[in-house]
Amino acid sequence: MKLNKVAIVGCGRIAGSIDDEMPAGHPCLPYCHAGGYAALASTTLVAAADIDASRRASFCKRWGVSRDYDDYRVMIEQEQPDIVSVCTGQKLHAEITIFAAEHGVKGIYCEKAMCSSMAEADAMVAVLERNGVAFNLGVNRRFTGLFMAARRMIADGELGDLKWAQFTGNDLLMHGYSHAFDAICYLLGDPPAKWIAGQVAPYSGRTTPPIHCSYDPNTNRWDRDPGGCWATIAFEGGAMGQAANPTGMPMYEWQVVGTEGVLHIRDYGEKIAWRKGDGYEKLEVPFPEYPRKSPTVGLIENLLLGMETGEPTRANARVSRAVTELCLANAESHVRGAAPVGLPLENRTLYIPSH
Ligand SMILES: NC(=O)c1ccc[n+]([C@@H]2O[C@H](COP(=O)([O-])OP(=O)(O)OC[C@H]3O[C@@H](n4cnc5c(N)ncnc54)[C@H](O)[C@@H]3O)[C@@H](O)[C@H]2O)c1
């Protein structure tokens with residue numbers, strides 16, 4: 001068995017400490033990247049980079065990493081890792097992914113959101129494909145037994161003809177709706193989207209009073225990541241998607257509706273309701289058992305498989321670009337008075353920063 005050398009860029013929460021914030025026994029543990037690599041015999045974490053020396057030091061102490069760097073470029077050139085984890089904030093995801101892909105790295109596990117504009121997403125796809133680099137975005141639900149089983153059942157026709165997939169939840173557009181749109185696309189089988197119409201909320205974050213954010217047409221940039229609000233998406237094949245933040249309440253729920261049933265999932269499966277039947281009275285049926293395994297470990301295993309075989313990974317760059325496009329086009333629709341925006345998005349340089 002090959003032992004794959006891993007280097008991490010950004011030594012913060014998702015890199016090494018987010019597990020401390022989660023309840024013991026949570027089905028997603030280990031959730032942080034370092035924990036995922038530590039759980040696998042085929043990966044070894046050899047180096048870490050962060051511009052913050054104290055973050056670097058505590059990460060390396062906790063995860064037994066002996067070599068640390070303040071410049072991720074130097075780390076990648078000197079360590080020649082097989083895999084790079086991109087765990088900085090969103091605005092550096094494209095730059096680091098592109099540098100790693102151009103410097104011999106074979107697999108990249110990049111945190112969401114993928115990047116800040118479609119121009120960045122296009123550049124990432126081009127460089128990854130030109131260099132034959134496997135890529136997975138940290139959209140964890142794609143790698144849970146629950147969402148994988150749901151997608152399989154939906155593809156097998158258990159819900160009949162697919163009509164509608166909906167997300168309800170309160171989060172920021174790039175930061176959180178990247179998860180929301182991703183799970184909608186995954187459950188529907190990743191059909192291409194034809195158009196999206198919607199609005200975003202002109203505030204960013206959950207602070208009181210809220211921090212207002214706005215779009216500047218002169219720079220084609222938002223100054224902050226806006227609050228997700230609502231969106232309607234038309235997919236090829238006839239299914240519609242919808243995302244809504246009607247209450248501002250902290251909830252994360254998906255519902256898929258077909259001609260023969262309805263599936264409702266709360267977040268990572270805290271509640272699942274599956275009702276079957278084509279009439280008004282639908283029969284509640286138990287959702288089948290599914291494997292409960294850390295999605296982070298599953299994502300890394302899927303990345304390793306892609307590196308070995310060249311098979312497309314589950315959150316590969318093209319799939320992730322399509323989801324990123326929904327986020328950006330949602331904001332574009334807002335600026336155009338909630339008019340439907342055809343996809344692919346023409347405004348490739350529209351830029352939305354996020355943490
Ligand atoms: N998949 C998930 O569920 C999930 C959960 C949390 C965070 N995230 C994502 O992970 C990313 C990081 O979030 P976080 O909460 O861990 O943030 P964080 O602030 O805790 O960590 C980011 C780290 O990157 C470092 N950094 C900044 N510039 C750098 C540079 N040039 N080189 C090296 N390091 C640099 C910072 O010093 C910091 O230590 C975000 O994109 C976020 O959306 C995903």
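Counting starts at 1 for both ligands and their atoms, in listed order.
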Could you list which atoms of ligand 1 come closer than 4.0 Å to a heavy atom of G138? 1 (N)
Ligand 1 atoms in contact with C87 (distance to a heavy atom under 4.0 Å): 12 (C), 22 (C)
Side-chain donor-acceptor pair present, Y37, S85, cut-off under 3.5 Å: yes
Without hydrogens or angle criteria, can the side chains of N302 and N136 be said to hold a donor-acceptor pair below 3.5 Å? yes
Parallel, tilted or perpendicular, as decided by the 30° and 60° cut-offs, for the rings of Y72 and F99: perpendicular
Contact partition for K112 relative to ligand 1, non-hydrogen atoms under 4.0 Å: both
Nitrogen or oxygen of A15 less than 3.5 angstrom from that of ligand 1: no
Which protein heavy atom lies closest to atom 7 (C) of ligand 1, and at what distance to 0.1 Å? I14 CB, 3.9 Å
On the ring face of Y268, is R141 found with NZ or CZ under 6.0 Å from the centre and within 45° of the axis? yes
Heavy atom to atom 20 (O) of ligand 1, shortest distance: which of R55, E21, M174 holds it? R55
Taking the six-membered ring for Trp, are Y31 and H26 ring centroids under 6.0 Å apart? no
Does Y186 offer a backbone N or O that forms a donor-acceptor pair with the side chain of R151 under 3.5 Å? yes
Are H334 and W230 an aromatic pair, judged by ring center distance below 6.0 Å? no
Taking distance alone, with N or O pairs closer than 3.5 Å, would you say Y31 contacts ligand 1? yes
Would you mind listing which atoms of ligand 1 come within a distance below 4.0 Å of any non-hydrogen atom of L92? 28 (N), 29 (C), 30 (C), 31 (N)
For atom 11 (C) of ligand 1, grab the closest protein heavy atom and report residue, atom and distance to one decimal in Å. T88 O, 3.2 Å
Option of least heavy-atom distance to atom 34 (N) of ligand 1 (set: D50, D70, V139, I18): D50
From the options H33, R56, E111, select the one whose nearest heavy atom is closest to atom 8 (N) of ligand 1. E111
Measure across S117 and R348 and return the closest heavy-atom pair with its distance rounded to 0.1 Å. CB-O, 3.8 Å
For the residue pair W254 and Y252, does the interplanar ring angle fall in the parallel (under 30°), tilted (30 to 60°) or perpendicular (over 60°) class? perpendicular
If we number the atoms of ligand 1 from 1 as shown, the ones under 4.0 Å from a heavy atom of H93 are 41 (O)
Go through ligand 1 atom by atom and flag the ones less than 4.0 Å from a non-hydrogen atom of D52. 37 (O)
Return a yes/no value for H355: is any of its N or O atoms, backbone included, closer than 3.5 angstrom to an N or O of ligand 1? yes
Per-atom contacts, ligand 1 versus Q90 - under 4.0 Å to a heavy atom: 41 (O)
Within the distance-only criterion (no hydrogens, no angle test), does the side chain of E120 pair as donor or acceptor with the backbone N or O of H93 below 3.5 angstrom? no
When you group the ILVMFWY residues by side-chain heavy-atom contacts below 4.5 Å and let the links chain together, are L146 and V139 in the same group? no
Residue N140 vicinity, atoms of ligand 1 by number, heavy atom under 4.0 Å: 1 (N), 2 (C), 3 (O)
Measuring from atom 29 (C) of ligand 1, which candidate in V9, I51, L137 has the nearest non-hydrogen atom? I51
May I ask you to identify the nearest protein heavy atom to atom 15 (O) of ligand 1, giving residue, atom name and distance to one decimal place in Å? R13 NH1, 2.7 Å
Using a 4.0 Å heavy-atom cut-off, say whether S354 meets ligand 1 through its side chain, its backbone, both or neither. neither
Among side-chain atoms of Q255 and H264, is any donor-acceptor pair under 3.5 angstrom? yes
Give the numbers and elements of all ligand 1 atoms closer than 4.0 Å to a heavy atom of H175. 43 (O)
